[in-house]
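For clarity, every value in this text was computed on a predicted model and none was experimentally measured. Hydrogens, waters and symmetry mates play no part in the numbers below; they use all other heavy atoms, side chains included.
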Amino acid sequence: PTPTPALSPEERLVRARGLMDQGRFAEALAEARAVLRLDPTNREATVLAQAAEEAAVIEECLANARQALEAGDRDRALTEVRRGLIINPSDSRLLELHGEVTRE
């Protein structure tokens, strides 16, 4: 995704926060990075960019783990869940999926 043109850094940050709330992590990341290109020391943009990257990876891990489980590949599912837990060890969705994967 590309950032929305002609927005001020403040407007981009507001938009990025809204996109995060909607679960549109790639777009939020694009907006935060657009702010960082103009102001590399912007703390809020840095925090938003990191949060968007982490959320996107966790969503990817969840999707991959579910797909692996459906295919009967518990090892791959566990690998994906563990990858997500490295980023956020308290994510309830990952913890629940971990329980499902490790249940015998």
Heavy atoms only: give me the nearest [X]-[Y] pair and the separation to one decimal.
X: E11; Y: A6; answer: OE1-O, 4.4 Å
X: N42; Y: T46; answer: O-OG1, 2.9 Å
X: L69; Y: L97; answer: CD1-CD1, 3.8 Å
X: L95; Y: P89; answer: CD2-O, 3.7 Å
X: A28; Y: A16; answer: CB-O, 3.5 Å
X: A77; Y: V101; answer: CB-CG2, 3.9 Å

For this session: Apply side chain to side chain contact (heavy atoms under 4.5 Å, CB included) to the pair R12 and R15, showing each step before the final yes or no.
Result: CA-CA 5 Å; R12 287 190 188 286; R15 179 166 162 69; 5.5 Å; no
*Spatial distance of atom CG (L13) from atom CG (L7) [nearest 0.5 Å]*: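 Here the interatomic distance stands at 10.5 Å.
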Calculate, to the nearest 0.5 Å, the distance between atoms CD and CD belonging to Q22 and E27 respectively.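 Rounded to the nearest 0.5 Å, the CD-CD separation comes to 8.0 Å.
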task = With sequence neighbours excluded, tell me which residues meet side chain to side chain contact (heavy atoms under 4.5 Å, CB included) with Q50.
result =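 Only E54 meet the side chain to side chain contact (heavy atoms under 4.5 Å, CB included) criterion with Q50.
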More than 12 heavy atoms of other residues, nucleotides or ligands under 6.0 Å from CD of E96: is that the case?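 Not buried by this count: 12 neighbours or fewer within 6.0 Å.
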A side-chain contact here means heavy atoms from C-beta on lying under 4.5 Å apart; do [X] and [Y] qualify?
X: E44; Y: V47; result: no
X: L62; Y: I58; result: yes
X: V35; Y: L48; result: no
X: H98; Y: L78; result: yes
X: M20; Y: E31; result: no
X: I87; Y: L94; result: no

Looking at R66 and E100, is there a salt bridge between them, counting it only when a charged N and a carboxylate O are closer than 4.0 Å?
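Salt bridge flag = no for R66 with E100.
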Next item on the list: Please check if L85 and V57 belong to a single hydrophobic cluster, counting links between Ile, Leu, Val, Met, Phe, Trp and Tyr side chain heavy atoms closer than 4.5 Å.
Entry: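 Yes.
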